[in-house]
Structure formats: C-alpha cells, structure tokens
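This report concerns only the one structure given below.
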There are 2 protein chains.
Amino acid sequence: MTNQTALPHDHEHCIDSALTLARELCTERAVKLTPIREKVLEIVWRSHKPVGAYDVLDTLARSHKAARPPTVYRALDFLMAEGLIHKIESLNAYLGCGEAGHAHESQFLICRTCGTAEEIVDGALDAALDAATKRSGFAVERKVVEIAGKCRRCQMA
Amino acid sequence: MTNQTALPHDHEHCIDSALTLARELCTERAVKLTPIREKVLEIVWRSHKPVGAYDVLDTLARSHKAARPPTVYRALDFLMAEGLIHKIESLNAYLGCGEAGHAHESQFLICRTCGTAEEIVDGALDAALDAATKRSGFAVERKVVEIAGKCRRCQMA
DNA sequence: TATCGGTTGTTATGTTGTATCATCGCCCGA
DNA sequence: TCGGGCGATGATACAACATAACAACCGATA
Ligand SMILES: [Zn+2]
Ligand SMILES: [Zn+2]
Ligand SMILES: [Zn+2]
Ligand SMILES: [Zn+2]
C-alpha cells in the first residue's frame, strides 16, 4: 500500500486504519501510545501533505491547551522511533507512514504544486543505494531519498 | 573527482582549485562572483564538513563587519543556483561541489562520527531513481539523496 | 507505602531562514 | 554628462524550526 495521494479516496478510512494499526503495534511492542501521541499521529495523518511541527501544535492546542513545542516534538520523536511517521528533511515536515509495521526503506515523491507527498518503496532503487554505499565502504544508518517535482495529476492540469 | 574526505591531502589546493574554477565558470556565464560570494564559497570549501549558514556568517563577519544573515543566505543562494555548492537538507548545512561545471546528479555520504560528507556521482543509482519516478509518472525537478552512517575511516577506528 | 521510571508541564532559549525597504554602484541610453 | 534602471548590498525586524533544563505528575512494583 502506498499513500493514495493522487486519487480521491476515503481519507477517514486511511486515518482510522493508521490509528488502529498504530495501537496494535504499540501494544505488541509494549510501548505507550498515549492520548497526546495518538492525537499527534491523527493530526499528521489528516493530511497527505507533510505537516510542520508548528502546524501540528496549532491543531493540537485546540484540544489540549497545555501543548507547547516540546509536547509536539516529543510525540513526533516517539512516532518516528516507532516507525509510524517519517520526517521529510527537505521540508522540515512530517508524514504518516504507509508501511508501518513492515521493515522498509522508503523514498518520497513531493509535489511542489499541490504539496502532497507519496511514500514509495522501491526495492531496486534501495538495492542501488546499497550497492553505491558498499562500493565506498560506507556503513549505512539512515537513507534520505526525497524527490521534488510535479506529480502526475498536477502535470495534467 | 570526488571529495578526498577520507584521505589526508593538500586541502589548500582543493580550495584554490574550487575558487579558480568558480571564477572561470562565472566569467563564462556572465554572472558576478562578487567578493562576498567568493569569500562565502571559500569559507564553505575550507571544511570538508557541511557548514551551517550561521557558522559561515561568523567567519565572514571577521573580514566583513556588515555581514548579516541575509548577506550569507543571498550568497549561498547564488552559489547553489550556479551549482558551486550543495545544501545538505538533513543537516541544514552547505558543502562545496566537487563536480562544478559538469551537469550531474549527486548523492551524499555523511559520516555521523567525523562529520565529513562525501559527494558521489553514481550513474546506476541515478538511473534507478529515474526509473522509480517514471513508473509513478512523476516529473522530477530535484533529487535529494543523503545517506548517513559511518565512513570507512571511522569504522576502522 | 516508598520509590522508580516514563510522561507531561513549563519556561526559556537556541538555531535556521525570510520579508521588507533603503542604499549603493555600475552600465547604458538619451 | 546626466539620469534611469537594475543587480547587489545594508539594515532592521521577524518568522519558522527545534531543544535545554528542571519541575510535577502518575502508574507500576517492590
Ligand atoms: Zn514508511
Ligand atoms: Zn500534485
Ligand atoms: Zn555537485
Ligand atoms: Zn567518519
């Protein structure tokens, strides 16, 4: 499954699925998906566009007056550590992970026109990355692959 | 040529070469490598580690008291537009380009131990990127490929 | 019940990047 | 030679992104 960014779809269903899966995974792992963390995950998932931490904060603050930057960053850090969201480095923004629960290396296609980002998981591409780093004798810890441009939909219009 | 980050070398020579090439390219292109821009390029090149804009500012201010954040960001923007430096998105930092003057798509190997970053140009990897995006019908404008980990040298130690 | 560790509250600050408008200096055309 | 246009720089302020440090809370468990 990849984010259905280019097609109309029942996004409430996306969100529900993501939250349900997150609850299951956190239970399995014996880590706590607290109300704040769950709410932040929901806020991130409400958009298929990567969302900035301060936008999350604005939304969170509507239901949680005590929310401050650390509140949000702690929740985001937890969700990243659990593989439930990703940070898009080139945007300083965060996106729900469409592959939570599976080990995966993903790449992102970021549309500069409509702002959506699609997470793709391309094995051949990842293999090419590994080959390149192996050649340099480099021990990989984290891969950031973010491709900006124009999505198919925006090219049409 | 790639950055010789892993090996001792005459780094003054690196810097001189980069500056000389930059002057030639800017002359060819009829754009102005002003004293500020050239100084910023030199500051970036003085390190094989990506350097933050405010670090550049601190250094620049030693010889140019009027320097302010916009001074530096304008110079960095110019140098990026001319392909003389790259921004490392995952570090919010800047690195001299080892392939200036050649059209190229590059990737970065960033060592978390020693802080150096190496620019590599891997055609097979880039082709895999293009294949992946083509499959999605995505029109690429910019590719960010940044791999963090441990360089060969730091693995030994 | 005492304590321990993880979560959250709270305040402040650090870091990175832009907006806006004024000024300067050079080139070129009248 | 004058003066307009334009790109570059000066200068001030602010926006956006992120973390430090310590206090308070709260549930689990010994
Ligand atoms: Zn993912
Ligand atoms: Zn689009
Ligand atoms: Zn380059
Ligand atoms: Zn290293």
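Protein chains get the first letters and strands the later ones, always in sequence-line order, with residue 1 at the start of each. The structure displayed is predicted, hence computed values, not measured ones.
Considering Val72(B), Ile43(B), Leu76(B) as possible partners of Tyr94(B), the one that fulfils the side-chain contact (heavy atoms from CB on, under 4.5 Å) test is Leu76(B).
Nucleotide dT18(C) holds its C1' atom 14 Å from the CG atom of Leu76(B), rounded to whole Å. Rounded to a whole Å, the CG atom of Asp58(A) is 10 Å from the P atom of dC17(D). In this entry the distance linking CG of Leu57(A) with P of dG9(C) reads 12 Å, nearest Å. Here dT15(C) presents its C1' atom at 12 Å from NZ of Lys87(B), a figure rounded to the nearest Å. With rounding to whole Å, Leu33(B) atom CG is found 15 Å from dG7(D) atom C1'. Here the P atom of nucleotide dG9(C) and the CZ atom of Arg37(A) are 12 Å apart, to the nearest Å. Atom CG in Leu91(A) sits about 10 Å away from atom P in dC17(D), given to the nearest Å. Rounding to whole angstrom units, CG of residue Asp77(B) and P of dG7(D) are separated by 16 Å.
In the set dT10(C), dA18(D), dA19(C), the nucleotide with an atom closest to the side chain of Asn92(A) is dA18(D). The listed nucleotides are dT7(C), dG10(D), dG17(C); the one nearest the side chain of Ile36(B) is dG10(D). Residue His64(A) places its side chain closer to dG9(C) than to any other of dG9(C), dT11(C), dT7(C).
Heavy atoms of Lys65(A) sit nowhere under 4.0 angstrom from any nucleic acid atom. Nucleic acid contact for Tyr94(A): sugar-phosphate only, since backbone atoms but no base atoms lie under 4.0 Å from a heavy atom of the residue.
Within the 4.0 Å cut-off from OP1 or OP2 of dT9(D), not a single side-chain nitrogen or oxygen of Lys39(B) is found. For dT9(D), the OP1/OP2 oxygens have no side-chain nitrogen or oxygen of Lys32(B) closer than 4.0 Å. Between Arg68(A) and dT8(C) there is no side-chain N or O to OP1 or OP2 distance below 4.0 Å. Put simply, Tyr73(B) has no side-chain N or O that comes within less than 4.0 Å of OP1 or OP2 on dT9(D).
Between Gly52(A) and Pro70(B), the one whose closest nucleotide on DNA chain D sits nearer the 5' end is Pro70(B). Mapping Pro69(A) and Phe78(A) onto DNA chain C by nearest heavy atom places Phe78(A) at the nucleotide closer to the 5' end.
In this structure, the aromatic ring of Tyr54(B) is not positioned over the six-membered ring of the base of dT15(C) within 5.5 Å between centres and 30° between planes.
With ring centers used as reference points, His11(B) lies under 6.0 Å from His9(B).
Formation of a donor-acceptor pair under 3.5 Å by the Glu146(B) side chain with backbone atoms of Ser90(B) is found in this model.
A salt bridge is defined here as a Lys NZ or Arg NE, NH1 or NH2 lying under 4.0 Å from an Asp or Glu carboxylate O, and Arg37(B) with Glu42(B) fails to meet this definition. A salt bridge is defined here as a Lys NZ or Arg NE, NH1 or NH2 lying under 4.0 Å from an Asp or Glu carboxylate O, and Glu89(A) with Arg142(A) meets this definition.
Taking 3.5 Å as the limit, the base of dG7(D) and the side chain of Arg74(B) contain no donor-acceptor pair of atoms between them.
Crowding of His102(A) atom NE2: a count of heavy atoms from other residues, nucleotides or ligands under 6.0 Å not exceeding 12.
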